[in-house]
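Have a look at the structure below, then the notes.
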Amino acid sequence: AKTAGRNQFQFYVASVDQEIRDRKKLEKDLQMALVAGQFHLVYQPQINLETRRVIGAEALLRWEHPEHGLVPPDQFIPLAEISGSIVDIGLWVLDQACAQAAEWTRAGMPIRIAVNLSAVQLQQADIVETILSTLKRHAIPPGRLELEVTETGFMENLDSAIEKLTRLRSEGINIAVDDFGTGYSSLTYIKRLPLQHLKIDKQFVHDLLVNEEDTRIANTIIDLGKSLNLDVIAEGVETEEQEFYLHNRGCQLAQGYFFSKPLKPADFAVFVADFHQR
Ligand code: C2E
Ligand code: CA
Ligand code: CA
Ligand code: CA
């Protein structure tokens with residue numbers, strides 16, 4: 001038994017070692033990915049439950065790794081944040097999303113584009129100017145852009161984050177709190193931020209109507225939105241029951257697999273045409 005235990009221990013060390021090597025390799029590959037053109041964006045429709053119209057698209061980043069195939073963002077975005085490469089990647093995302101918005105405008109589909117903004121990006125001193133100049137370059141009106149920021153994103157340096165978001169808002173850009181309720185939620189910052197939207201994280205939507213606590217949390221976020229005059233977007237809506245419940249409970253906006261998974265631009269346009277026919 002003792003030898004077996006020792007072997008297991010060695011095996012464990014070896015696998016941790018391997019994991020660190022894999023991570024280092026992934027980090028290195030990530031440095032190259034932007035220049036190598038391995039990123040693309042997919043867009044998930046955001047639906048107004050009342051009017052049944054597609055009102056927006058969340059841009060979501062995809063990395064096509066030459067050996068590993070599609071690497072999920074949850075695996076590489078944290079790495080990109082640690083190494084700082086998220087700053088350049090994030091700029092690329094914003095630029096791509098604005099180019100797409102311009103194209104959709106020309107095609108007669110002037111929807112809003114939601115872009116995820118990392119805490120690291122928000123900490124950049126020139127982030128406001130960078131965002132404004134990107135909009136200008138693509139001739140996108142600021143009201144067509146929504147920035148999704150997480151609670152952890154602005155808690156790091158609250159005063160500076162509030163100052164930047166306020167400037168962005170004064171230009172007409174929309175601000176949403178992403179993953180609301182999963183971070184260090186505090187009602188004091190909510191009051192101080194120039195917000196338009198709260199996003200209910202998919203973890204609360206997933207077990208809606210099954211788990212009583214999750215249902216109550218979703219209800220609370222919807223009510224909070226109402227009392228602060230913020231529209232609430234439910235993320236991760238997968239079933240008709242969830243949609244029905246949220247709509248009746250007063251949640252105006254939703255996105256999720258029930259409507260559509262994130263789509264390539266061409267498929268997105270087809271989805272919108274179809275959805276509006278229904
Ligand atoms: P998020 O911003 O909370 O995005 C929602 C995630 O839920 C997306 O995962 C989306 O594909 C997924 N999702 C949408 N509908 C459903 C559904 O009905 N059921 C389930 N189970 N999942 C659904 P994705 O694309 O893998 O992105 C994961 C996270 O990576 C995002 O979470 C966001 O935090 C981050 N991310 C993605 N793209 C970017 C980006 O361009 N910049 C930054 N900073 N972060 C990004
Ligand atoms: Ca998001
Ligand atoms: Ca989320
Ligand atoms: Ca997130």
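The analysis underlying the following values was restricted to heavy atoms, covering all of them including side chains, and did not include hydrogens, waters or symmetry mates. Whatever order the structure lists them in is the order used to number ligands and atoms, beginning at 1.
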(message) What verdict does the side-chain contact (heavy atoms from CB on, under 4.5 Å) test give for Glu58 and Val115, after you've listed the backbone C-alpha separation in whole Å, the side-chain angles of each residue and the deciding distance to 0.1 Å?
(response) CA-CA 6 Å; Glu58 179 177 3; Val115 172; over 6 Å; no
(message) Treating Gln196 as the side-chain partner and Ile175 as the backbone partner, does any N or O pair qualify as donor plus acceptor under 3.5 Å?
(response) yes
(request) With heavy atoms of Val93 as the reference, note each atom of ligand 1 found under 4.0 Å away. (result) 41 (O)
(request) Write the atom name of the N, O or S atom in Asp179 that is nearest the Ca ion (ligand 3). (result) OD1
(message) With a 4.5 Å cut-off on side-chain heavy atoms, are Val232 and Phe180 touching?
(response) no
(message) Just to check, does Pro72 reach to within less than 4.0 Å of ligand 1 when the distance is taken from its heavy atoms?
(response) no
(message) As an exercise, identify every atom of ligand 1 less than 4.0 angstrom from a heavy atom of Glu238.
(response) 17 (C), 18 (O), 19 (N), 20 (C), 21 (N)
(message) List ligand 1 atoms under 4.0 Å from Gln44, heavy atoms only on the residue side.
(response) 14 (C), 15 (N)
(request) Quick one: report the N, O or S atom of Asp178 that is nearest to the Ca ion (ligand 2). (result) OD2
(message) Minimum heavy-atom separation for Ile140 and Arg144, please, with both atom names.
(response) CG2-CB, 3.7 Å
(message) Just to be sure I'm reading this right: ignoring hydrogens, which of Ser260, Ala97, Pro73 gets closest to atom 24 (P) of ligand 1? Compare them by their nearest heavy atoms.
(response) Pro73
(message) Residue-level breakdown please: for Pro262 versus ligand 1, do any non-hydrogen atoms fall below 4.0 Å on the side chain, on the backbone, on both, or on neither?
(response) side chain
(message) For a 4.5 angstrom cut-off between non-hydrogen side-chain atoms, does Ile111 reach Phe268?
(response) yes
(request) May I ask you to list the atoms of ligand 1 that are less than 4.0 angstrom from any heavy atom of Ile77? (result) 36 (N), 39 (C), 40 (C), 42 (N), 43 (C), 45 (N), 46 (C)
(request) Using heavy-atom distances, let me know which of Ile86, Asp74, Leu60, Val237 sits nearest atom 29 (C) of ligand 1. (result) Asp74
(request) Return yes if some donor-acceptor pair links the side-chain N/O of Glu171 with the main-chain N/O of Arg167 below 3.5 Å, else return no. (result) no
(message) Pairs of nitrogen or oxygen atoms closer than 3.5 Å, one from Gln255 and one from ligand 1: do any exist?
(response) no
(request) Kindly give the heavy-atom pair with the smallest separation between Leu41 and Ala59, and that separation in Å. (result) CD1-CB, 4.2 Å
(message) For Glu67, is there an ion pair with Lys25 - N to carboxylate O distance below 4.0 angstrom?
(response) yes
(request) Just let me know how Asn116 lines up against ligand 1, side chain, backbone, both or neither, with a heavy-atom cut-off below 4.0 Å. (result) both
(request) Output yes when a side-chain donor or acceptor of Arg23 lies under 3.5 Å from a complementary backbone atom of Glu27, and no otherwise. (result) no
(request) Determine whether Glu151 and Thr182 make a side-chain contact, defined as any pair of heavy atoms from C-beta on separated by less than 4.5 Å. (result) yes
(message) Can you confirm, on distance only, whether ligand 1 has an N/O atom lying under 3.5 Å from any N/O atom belonging to Glu235?
(response) yes
(message) Applying a heavy-atom cut-off of 4.0 Å, say which part of Leu61 lies close to ligand 1: side chain, backbone, both or neither.
(response) both
(message) Which of the numbered atoms in ligand 1 are under 4.0 angstrom from any heavy atom belonging to Gly256?
(response) 15 (N), 18 (O)
(request) Between Asp179 and ligand 1, find which residue part has any heavy-atom pair under 4.0 Å and reply side chain, backbone, both or neither. (result) side chain
(request) Would you mind listing which atoms of ligand 1 come within a distance below 4.0 Å of any non-hydrogen atom of Ser118? (result) 44 (N)
(request) May I ask you to list the atoms of ligand 1 that are less than 4.0 angstrom from any heavy atom of Glu58? (result) 2 (O), 4 (O)
(message) Under 4.0 Å, counting heavy atoms only: does Lys261 come that close to any atom of ligand 1?
(response) no
(request) Examine Asp201 and say whether one of its N/O/S atoms is closer to the Ca ion (ligand 3) than 3.0 Å. (result) yes
(request) Could you tell me whether Arg62 approaches ligand 1 through its side chain, its backbone, both or neither, with non-hydrogen atoms closer than 4.0 Å? (result) side chain
(request) Would you check if the Ca ion (ligand 2) lies under 3.0 Å from any N, O or S atom of Glu235? (result) no
(message) Please determine whether a side-chain nitrogen of the Lys or Arg among Asp159 and Lys164 lies less than 4.0 Å from a carboxylate oxygen of the Asp or Glu.
(response) no
(request) Determine which of the N, O or S atoms in Glu148 is closest to the Ca ion (ligand 2) and give its atom name. (result) OE1
(request) For the pair Glu103 (side chain) and Ala99 (backbone), establish whether a donor and an acceptor sit closer than 3.5 Å, ignoring hydrogens and angles. (result) no
(request) Decide whether an N or O pair under 3.5 Å exists between Lys202 and ligand 1. (result) yes
(message) Using modelled atom types and a 3.5 Å cut-off, is there a donor and acceptor pairing between side-chain atoms of Asn211 and backbone atoms of Asp207?
(response) no
(message) I'd like to know if Asp274 pairs up with Arg278 as an ion pair, taking the criterion as any Lys NZ or Arg NE/NH1/NH2 lying under 4.0 Å from an Asp or Glu carboxylate oxygen.
(response) no
(request) Kindly say whether Ser118 contributes a backbone atom to a donor-acceptor pair with the side chain of Gln121 at under 3.5 angstrom? (result) yes
(message) Geometry only, no angles: is Gln121 polar-contacting ligand 1 at N/O separations under 3.5 Å?
(response) no
(request) Give the atom name of whichever N/O/S atom in Glu58 sits closest to the Ca ion (ligand 2). (result) OE2
(request) Measure the distances from the heavy atoms of Glu81 to every atom of ligand 1 and state whether one is below 4.0 angstrom. (result) no
(message) So, 4.0 Å and heavy atoms of Gly90: is ligand 1 close enough to count as a contact?
(response) no
(message) Please check: side-chain N/O of Glu235 versus main-chain N/O of Lys202, any donor-acceptor pairing under 3.5 Å?
(response) yes
